[in-house]
Amino acid sequence: QQQVKQSPQSLIVQKGGISIINCAYENTAFDYFPWYQQFPGKGPALLIAIRPDVSEKKEGRFTISFNKSAKQFSLHIMDSQPGDSATYFCAATSSAGGYQKVTFGTGTKLQVIP
Amino acid sequence: EAGVTQSPTHLIKTRGQQATLRCSPISGHTSVYWYQQALGLGLQFLLWYDEGEERNRGNFPPRFSGRQFPNYSSELNVNALELEDSALYLCASSSWTDDTNEQFFGPGTRLTVL
């Protein structure tokens, strides 16, 4: 019940295209869903996050879509650029635990080709 | 502002040995988290320290332990190393003043067990 399932494992997108990464969760106690971006040799960094009271959040080229009834959320990267090539992790956490314990998806390695 | 720092960058040990990994949080952050990032398995929560106390631990055997010092830096110890302990170990820190408890990650320590 603590799992967050992420797909696809890897993704190749042409420059200018849309990258879509999907995640699903089971634990209804989760109420905060961050996405992290990790470049090789670096630790993950927070990219964008959403709470379940909204269905969509957009920051620049990055958009999170959230479907509470289906317990699914996704990251869309519009106009994908080679600099977006990284590993992306979805995550989920709960305010009941003070957001301390973060459950991560298994990651998606994105490659944007020119 | 300096970010989370970890040392060493790389560590090579043999089976049965002990490994010690170190982490310095962002100034002002009192919470430190440890994660194991094994290939293909995403980030697995290991330990959470706050104000010098262990607050929570993930599903790892007792040979994974650590401590937090008065200056909030932290140490992760792995005893009786096994081959499957080879992974990137990430440290993150956070501040209770942030209501979403964003965790800031260090670059990690790559542990290889031969």
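Naming convention: chains lettered A, B, ... in sequence-line order (proteins, then strands); numbering from 1 in each chain.
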Subject >> Set of salt bridge (Lys or Arg N to Asp or Glu O under 4.0 Å) partners for A:Glu56, sequence neighbours left out >> reply: none

Subject >> Interface residues of residues 33-50 of chain A facing chain B - non-hydrogen atoms under 4.5 Å apart >> reply: A:Tyr36, A:Gln38, A:Gly41, A:Lys42, A:Gly43, A:Pro44, A:Leu46

Subject >> Basic-acidic side-chain contact under 4.0 Å: B:Arg63, B:Glu82 >> reply: yes

Original post:
Which atoms of B:Gln103 come close to chain A, meaning under 4.5 Å heavy atom to heavy atom: side chain ones, backbone ones, both, or neither?
Top reply: both

Subject >> Contacting moiety of B:Leu90, where chain A heavy atoms sit under 4.5 Å >> reply: side chain

Original post:
Between A:Arg61 and A:Met78, is there a donor-acceptor pair closer than 3.5 Å when you use the side chain of the first and the backbone of the second?
Top reply: yes

Subject >> Ring centers of A:Phe104, B:Tyr35 separated by less than 6.0 Å >> reply: yes

**OP:** Applying salt bridge (Lys or Arg N to Asp or Glu O under 4.0 Å), name anything that partners A:Lys57, two or more places apart in sequence or on another chain.
**Re:** A:Glu59

Original post:
Can the ring centroids of B:Phe104 and B:His29 be said to lie less than 6.0 angstrom from one another?
Top reply: yes

Original post:
Can B:Lys13 and B:Asp85 be said to form a salt bridge (charged side-chain N to carboxylate O under 4.0 Å, His left out), step by step?
Top reply: CA-CA 10 Å; B:Lys13 295 284 186 178; B:Asp85 296 335; over 6 Å; no

Subject >> Under-4.0 Å salt bridge between A:Lys68 and A:Asp53 >> reply: no

Original post:
Okay, side chain of B:Ser31, backbone of B:Asp50: is any donor-acceptor separation there less than 3.5 Å?
Top reply: no

Original post:
Using a heavy-atom distance cut-off of less than 4.5 Å, which residues of residues 107-114 of chain A contact chain B?
Top reply: none

**OP:** Kindly indicate whether the side chain of A:Val4, heavy atoms from C-beta on, has any atom under 4.5 Å from the side chain of A:Cys90.
**Re:** yes

